[in-house]
Amino acid sequence: MGICTFLFLSNCCYAETKSKEVNRPNIIYILADDLGYGDLGCYGQTKIETPHIDQLAKEGMTFTQHYSGAPVCAPSRCVLLTGKHTGHAQIRGNDEWIERGDVWSYFAQVNDSTLEGQRPLKEGTETMASILKQAGYSTGIVGKWGLGAPHTHSTPLQMGFDFFVGYNCQRQAHTYYPVHLYKNDKRLYLGNDTIAPTKKLAKGADPYDNANYADFNLQSYSADIMFEELQQFVIDNNPSKTGKPFFMYWATPVPHVPLQAPQRWVNYYQAKFGDEEPYLGQQSYFPQRYPRAAYAAMVSYMDEQVGMLVKQLKAMGLYENTLIVFTSDNGPTFNGGSDSPWFDSAGPFKSEYGWGKCFVHEGGIRVPMIASWPWKIKAGTQTDHISAFWDVLPTVCEIADTRLPGNVDGISFLPTLLGEKKQRQHKYLYWEFPELGGEQAVRMDNWKAIRKDIKKGNLDIELYNLKTDIQELNNVADKHPEVVKEIEAIMKNEHIRSGNKHFQLKELGD
């Protein structure tokens, strides 16, 4: 082979490789925190305005039967990033790693970074980020991590991300005006005063005087800082400049309590809703003069940011080659002054305590999901394909045309996104949650089965037909013993003993 021929073939191979890198889509995965299935206009919300997310739905596809990885934060994120359901996942509950010391003291955490963060993932764990990084993607996370502490092997940068700005520790995220965030592996100080998340109104202060809530609105609002960093990440990692696509995991803490929102949005909803009773902190977190207005304000603020991001992508010429996924880590919460029943935050499911966050009922784990990808996903479409967080990793790997670890529980839903008919289906979905007495759940066709209070020795299975009983009010287990028996076998087979004693359920043989 002559040198000219060799150079020609080499240049062709290089150009083909570079073209493949640039043409693969950017991926932006937006994970809201404690946003209910019914909190968006496109999912039936009537009180809170979400025009930009609704527009994303009009330009893409909405999923009606998508499920989170767990009914609370940390395990849901673990399931998302590793592709394993909570019967197999490393993190199955919110483990605050209390052996280290006074981890619940905000002041202690500020003074000692070794008290921040949650129990880490195992060293060498493959994540969505590490796999995409190996496949040639630039990888970034902005928002809440919650899967490992500073100074451990399980920080975002150690788990496959090139860039991180946000809360390492989900307890730190109990204030939107923290002393610091993290930028990569170092603290980013914001100039805020040290206001512990347990602070209440001053003794004798008039709860109806908005001026007495000034302590809870400080200088730098963390969600503003993180969004600015996200926008800069998109600029810095423009594929036309870097020659490779990017993956951004936007794990916003919004609208997780405390109820702290930009005042302009609170004012908007206070005018819309009228006067209301203040929240005084009786269910933890900060007090808030206008709690319903503040919750709605947080959701609309997040919606506004989504709109700004889409506008940026369009201005940069990136929108048409970017897959945007919007979802939530679990159902709506019950504390901190939020009023999920008033907003009907769980939508067609029950929103009261015991039915949303922390519980494996539909309101706790069925979440909104919207996917937008121009020219690939048909605009204005809807699917009832049954899917869950552990399906996201296989889907992303197929989109990125890269390898998938062999031990995941998920199934790619790319055929559904593309409108193809060859979509594989789950025979069932499985969850377990070792907190609040211990719970298990199975979704199999239209059947939904739940075990509660496992740690109290209860192994009875409740059975619901979601086709006729979407709110899970009528237990029909006694009428379908054959279905209960099949699901009991699934619960047994899908549960593997956790290596973490905090997640073990001795009643299941651990």
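Positions are given from 1 along the sequence. As the structure is a prediction and not an experimental result, all values here were calculated from the model.
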**Report entry** Test log, rule side-chain contact (heavy atoms from CB on, under 4.5 Å), inputs F246 and L318
**Finding:** CA-CA 11 Å; F246 64 78; L318 300 177; 4.1 Å; yes

Taking atom types as modelled, is there a side-chain donor on [X] or [Y] under 3.5 Å from an acceptor on the other?
X: S240; Y: N238; value: yes
X: E96; Y: Q170; value: yes
X: Q90; Y: R119; value: no
X: Y319; Y: Q312; value: no
X: Y430; Y: Q440; value: yes
X: E362; Y: Y464; value: no
X: H151; Y: S113; value: yes
X: Q232; Y: D236; value: yes
X: N330; Y: S76; value: no

So [Y] and [X], do their side chains get closer than 4.5 Å, heavy atoms only?
X: M61; Y: L417; value: yes
X: K133; Y: D162; value: yes
X: I235; Y: M316; value: yes
X: R443; Y: R366; value: yes
X: F503; Y: I91; value: yes
X: I461; Y: M491; value: yes
X: Y295; Y: D39; value: yes
X: D329; Y: L80; value: no

**Report entry** Pair K84 + E126, salt bridge at N-O below 4.0 Å
**Finding:** no

Requested in this report: Indicate yes or no: does D391 engage R424 in a salt bridge with an N to O separation below 4.0 Å.
Outcome: no

Query raised in the report: Are the side chain of Q45 and the backbone of G38 linked by a donor-acceptor contact shorter than 3.5 Å?
Result: yes

Report task. Using the side-chain contact (heavy atoms from CB on, under 4.5 Å) rule, take D303 and I48 through it: C-alpha gap first, then chi angles, then the decisive distance, then the call. Result -> CA-CA 10 Å; D303 175 80; I48 305 172; over 6 Å; no

Requested in this report: Starting from the C-alpha separation in whole Å, work towards a yes-or-no answer on ring pair (Phe, Tyr, Trp, His ring centres under 6.0 Å) for Y176 and Y301.
Outcome: CA-CA 13 Å; Y176 284 89; Y301 166 80; 8.6 Å; no

Aromatic ring centroids of [X] and [Y] under 6.0 Å?
X: F227; Y: W250; answer: yes
X: Y177; Y: Y221; answer: yes
X: H174; Y: H256; answer: yes

Query raised in the report: Hey, mind stepping through Y137 and F247 against ring pair (Phe, Tyr, Trp, His ring centres under 6.0 Å) and telling me if it holds?
Result: CA-CA 6 Å; Y137 274 71; F247 166 57; 7.5 Å; no

Query - side-chain contact (heavy atoms from CB on, under 4.5 Å) evaluation trace for K427 with M444 - result: CA-CA 6 Å; K427 293 181 179 179; M444 183 175 70; over 6 Å; no

Report task. Could you check W390, F359, F389 and say which one makes a ring pair (Phe, Tyr, Trp, His ring centres under 6.0 Å) with W431? Result -> W390

Query raised in the report: Under the side chain to side chain donor-acceptor pair (under 3.5 Å) test, which residues partner E494, sequence neighbours left out?
Result: H85, Y428

Query raised in the report: Under the salt bridge (charged side-chain N to carboxylate O under 4.0 Å, His left out) test, which residues partner K314, sequence neighbours left out?
Result: E59

Query raised in the report: Taking atom NZ of K467 as the centre, does the number of heavy atoms from other residues, nucleotides or ligands within less than 6.0 Å exceed 12?
Result: no

